[in-house]
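Here the structure is laid out as structure tokens; the discussion comes afterwards.
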Amino acid sequence: MIELKQVCKSYGHKRAVKNVDLKLPQGEIIGLFGENGAGKTTLMKAILGFIRYEGTITLDGAPITTKNIARISFATSEHSFFPDLTARGHAEFYREHFPRFSEKRFYGLIEFFDLPMGKPLRGFSTGQKNQFEVILALSQGADYILMDEPFAGNDVFNREDFYKVLLGILEPHETVLLSTHLIEEVSGFIGRAILIREGSIVGDVTMEELEEQGTDLMTYIKNTYHYRPDRVSKALQDMTGEEG
Amino acid sequence: MKKKRLKISRLVPPGFDYGPELKALCWIVGGALVLSLFWFTDLREARRALFDRYLGVLRPIPGAVMRDFGKMVWPYMSGFAVAALWALSFVGVHYQYHHRVSKSIYTMKRLPNRLELHLRCWTLPLSCFAAILLAGFLLLLIYYAVYLLVTPAENLAPDQWKKLWSVIL
Amino acid sequence: MVSFSSFSMEAGVPIYLQIMLHLKRGIVAGTVTDGDELPSRRVLSSLLGVNPNTVQKAYRMLEEEGLIVSHSGAKSFVCADDAAVLRVRRELLETDARGIITAMKQMGLSREEAKNLIDTYWEWGDTE
């Protein structure tokens with residue numbers, strides 16, 4: 001389990017993450033939702049140790065260091081592959097650095113998405129780059145797979161394919177933390193939703209709880225964000241000068 | 001046990017094409033070598049200044065002192081200093097590489113082996129830096145030998161080697 | 001292998017219930033029989049695009065109802081003898097009947113009107 005306790009992060013005067021308490025157990029598919037700049041990326045970067053932060057983040061009770069960092073993988077829309085390396089080259093690099101790298105899964109997924117093996121990554125299309133980025137994260141042999149907006153630029157069929165493959169290959173011990181704005185697309189298969197707004201966790205709910213309450217994710221999110229359906233008509237009224 | 005072959009590609013950022021980098025460096029070192037050869041013209045003139053021609057015969061000028069080796073050779077060796085610093089500047093290029101096109105720095109930063117990133121950024125530039133300095137130094141030794149060979153003992157100023165270091169440092 | 005190709009998701013109904021219902025309807029209709037193998041948790045999750053834990057929950061509850069058995073945690077098989085088929089049939093009928101009655105009551109039908117309606121439409125669809 002990854003556990004965040006009172007995690008804070010500021011950039012200058014701006015507080016990007018405020019007092020975040022979070023538990024991410026093994027074997028869950030978790031959606032992380034929030035507007036751009038709400039702190040989704042900052043949270044993931046804190047877990048991975050890319051940035052300094054206040055508070056504590058532990059993995060099974062131990063701080064995240066070189067000893068256990070291989071248990072966490074990361075896919076990002078910024079891409080973290082090596083642009084001049086081929087798919088095969090990446091497999092070699094990952095095999096060398098991550099003892100639990102799954103070649104079977106890697107080559108299986110490469111084949112499924114029909115990605116070229118001997119071409120440097122910079123020559124891939126945006127969609128292919130995203131696919132490859134996620135394939136690496138899934139093949140690393142990690143227990144916790146963090147994905148930050150991994151499908152920006154992929155078409156909908158492509159994403160659907162990906163979701164199905166993801167569900168088909170995940171082992172019961174693997175956890176996925178998926179940050180995305182495609183809430184409706186993923187609402188069918190995530191098991192839990194975490195809502196972040198202005199650096200604070202404003203909602204954390206399992207789909208089972210929502211089912212029991214007889215509501216759905218979109219309603220929950222709208223309620224949490226105090227979304228007002230009359231907002232649009234009110235704005236129009238204000239702009240056109242018509243009295244209500 | 002089979003010895004693991006050390007490949008240059010393992011000592012630079014993954015996928016980085018070090019070919020152009022090394023090629024450019026070879027040209028600079030070549031240029032530095034050519035530049036250093038011009039020192040011989042200085043050497044010839046300095047030696048000639050120890051003699052004067054009287055009725056078509058060269059004869060030593062009494063009390064003439066040969067120009068100092070260090071002061072004479074140093075400007076011609078500066079190409080090697082430039083080449084060495086150039087090689088060292090690759091460190092920055094290598095770190096910067098992990099931010100180009102993608103952010104592969106993220107992958108490097110989360111490797112269980114924390115040294116990998118620095119190893120791949122420093123090894124090649126530092127080796128080149130050291131190799132160039134060593135080559136320059138060996139050349140300096142050879143030139144010094146030539147200097148001693150062509151300079152008559154009576155014209156040689158003392159502490160040449162010591163003076164060389166004061167010029168370098 | 002139990003087929004889920006005709007499965008279609010209904011909004012607002014818990015997915016694990018829908019999976020359970022699909023299997024039960026299959027059992028009653030005879031398209032699913034005793035000893036049929038079920039897709040693995042992962043395969044079904046991928047097929048339907050739903051959370052693996054949801055499938056797990058549906059399988060667990062079906063197991064509790066005695067309609068499927070899992071061998072050594074891996075493969076699951078339908079376990080429906082004649083008595084079980086009858087039981088499921090009655091359960092589904094009751095549920096469906098309750099649903100129809102509720103709907104008719106909401107429309108303001110009297111008991112007599114409801115009976116007449118059923119009589120009127122009883123043969124509907126038989127000729128097709």
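Side-chain atoms are counted along with the backbone in the values below, which use heavy atoms only and exclude waters and symmetry mates. Order of the sequence lines fixes the chain letters, A, B, ..., with proteins taken first and strands second; residue numbering starts at 1 for each chain.
- Both the backbone and the side chain of Ser45(C) come within less than 4.5 Å of a heavy atom of chain A.
- A ring-centre distance under 6.0 Å is not found for Tyr94(A) and His90(A).
- Val50(C) touches chain A through backbone and side chain together, each having a heavy atom under 4.5 Å away.
- Residue Leu210(A) does not touch chain C at all, counting heavy-atom pairs closer than 4.5 Å.
- For the side chain to side chain contact (heavy atoms under 4.5 Å, CB included) test with Val85(C), the passing option among Asp34(C), Ile27(C), Val32(C), Leu67(C) is Ile27(C); the others fail.
- The part of Glu208(A) that comes within reach of chain C is its side chain, from C-beta onward, which places non-hydrogen atoms under 4.5 angstrom from that chain.
- Taking Asp216(A), Leu166(A), Thr215(A), Leu170(A) one by one and counting their heavy-atom pairs under 4.5 Å with chain C, the maximum is reached by Leu170(A).
- Here Phe113(A) and Phe132(A) keep their ring centres 6.0 angstrom or further from each other.
- Neither the backbone nor the side chain of Leu17(C) comes within less than 4.5 Å of any heavy atom of chain A.
- Note: Phe93(A) and Phe81(A) fail the aromatic proximity criterion, with ring centroids not under 6.0 Å apart.
- Lys5(A) pairs by the side chain to side chain contact (heavy atoms under 4.5 Å, CB included) definition with Glu3(A), Asp21(A), Thr56(A), not counting sequence neighbours.
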